Amino acid sequence: MAALIHESVKSYYSSLESSDALQTSAACSAFSRPLPRSVQQALKHIHPEVCKRFFGCGLVAPEKLKGCWVLDLGSGSGRDCYVLSKLVGEDGRVTGIDMTEDLIQASRKYIGYHQERFGYAKPNTEFVHGYMERLSDAGIPDNSLDVVISNCVICLCPDKRAVLSEAYKVLKAGGELYFSDMYASEVVPETFKLDPVLWGEGMGGALYWHDFISIMKELGFSTPRLVAASRIEVHNPELRTKAGDIKYASGTYRAFKLPQQSIQTKALVTYKGTVPDCAEYFELDASSSFKVNVPVEVDAETAAILRHTRFSPDFIVQTKDERDPSLGSARQYCHLSPFLLADRLGSCVKQCSKTGVAAGSRE
């Protein structure tokens, strides 16, 4: 079954000339949070042909990437990789992996173009052909990556647990998985896997969002933190009928590979204002914002994130003597629903570029 799904996805996306051909709004450029200035500037340098064949949801670019090694799972046309190549700088490194040979070859054509645009002495971007479920086969070493990203691609994979497990393996201690994907409001029926269009659009393979949280915790990641979300509109009436009562949302989550035994006590944390593009405040997620020089008490897991990741130089962390009483207790994750956040933000794409109307309309 997995091999058949892989071949179906390859065929589906190889046949698409641009994101205009998709049947949902998942690939439209609607953001529920503003793009940082550095990302906006980088986007202006991306070759138009690379942008034309981009099929992701929004843009996936976490903060403070300079000097990092970043892996893009399902790199497609290479758009996000080239944006990231600007953000990591000449001393950083970006690797894109995709199972579609045509897209790998197409993205490689523009390595020299972007190296020249960014003024680098040598390229810092590479594209490898392979499967997200088997990163070692593609030459990606374990415990080596600073950041792993993905943009609306994991929903196309038949074995999502394997993909997320591989991401965990290749990350360094303190590394981050930061990605956008499609999520379903309930468990998607097995019959959806047999429809090539439902699967190609992400609808047939979208995880029930609560199952995603459970899988991530079981694999050892920190609790995923919801960064942004938008409702997804299905343009095709036939697909809407097939979906029935199931709704879809695009959600951007971040989760960290924390050192063992690092989650222990609450802490008082103070943001220094040193993260690029975040001079006045830093948003860890949609519900956690830190203003400069304002001490905030945080739970043990948040304290561990701010002490043991690339953000540690940007915070003063004063640990408390007592352990966090919530450790080991059963936790509710309703606040991590992309549907609730999308509704709170009023973020819903009503039109996409195929309609001739600019994307980004809000409810």
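All values reported here derive from a predicted model rather than from experimental measurement. Excluded from the calculations below are hydrogen atoms, water molecules and symmetry mates; all remaining heavy atoms, backbone and side chain alike, are included.
Put simply, the side chain of Lys160 gets close to the backbone of Gly205: a donor and an acceptor are under 3.5 Å apart. Put simply, the side chain of Ser150 gets close to the backbone of Leu73: a donor and an acceptor are under 3.5 Å apart. No donor-acceptor pair closer than 3.5 Å links the side chain of Arg254 to the backbone N or O of Leu226. Remark: side-chain polar atoms of Ser312 are not paired, donor with acceptor, to backbone N or O of His308 under 3.5 angstrom.
For the pair Lys291 and Tyr281, the NZ or CZ position fails the cation-pi test of under 6.0 Å to the six-membered ring centre and within 45 degrees of the ring normal.
Between Phe282 and Tyr271, the ring planes lie tilted relative to each other; the angle falls in the 30° to 60° range. Aromatic ring orientation, Tyr110 versus His114: perpendicular (interplanar angle above 60°, classes split at 30° and 60°). Taking the six-membered ring where tryptophan is involved, the planes of Tyr183 and Tyr253 are perpendicular, since the angle between them exceeds 60° and thus also 30°.
If you take CZ on Arg231 and CG on Leu341, they are separated by 11.0 Å, rounding to the nearest 0.5 Å. In this structure, CG in Leu103 is found 5.5 Å from CG in Asp98, a value given to the nearest 0.5 Å.
A donor-acceptor pair shorter than 3.5 Å can be found between the side chains of Ser38 and Asp277. Residues Glu283 and Ser288 bring no donor and acceptor atom of their side chains to less than 3.5 Å of each other. Using modelled atom types and a 3.5 Å distance limit, the side chains of Arg93 and Thr125 yield no donor-acceptor pair. Looking only at atom types and distance, the side chain of Lys86 has no donor-acceptor partner in the side chain of Asn124 under 3.5 Å away. With 3.5 Å as the limit, one finds no donor-acceptor pair spanning the side chains of Ser222 and Glu301.
Taking 4.5 Å as the limit, some side-chain heavy atom of Ser75 sits within range of a side-chain heavy atom of Ile104. Val39 has its side chain within reach of Leu87: a pair of non-hydrogen atoms, C-beta onward, lies under 4.5 Å apart.
At most 12 non-hydrogen atoms from other residues, nucleotides or ligands lie less than 6.0 angstrom from NZ of Lys66. Within 6.0 Å of atom NZ in Lys320, more than 12 heavy atoms from other residues, nucleotides or ligands are found, so the atom counts as buried in its surroundings. For Asp91, the CG atom sits in a loose shell: 12 or fewer heavy atoms of surrounding residues, nucleotides or ligands are nearer than 6.0 Å.
Residues passing the side-chain hydrogen bond (donor to acceptor under 3.5 Å, both in side chains) test with Ser287, sequence neighbours excluded: Asp285.
Residues Ile316 and Val292 do not share a hydrophobic cluster, defined by chaining ILVMFWY side chains whose heavy atoms lie under 4.5 Å apart.
For residues 142-157, the set of pairs meeting the salt bridge (charged side-chain N to carboxylate O under 4.0 Å, His left out) definition, not counting sequence neighbours, comprises Asp146-Lys172.
Aromatic pair Phe221/Tyr168: centroids less than 6.0 angstrom apart.
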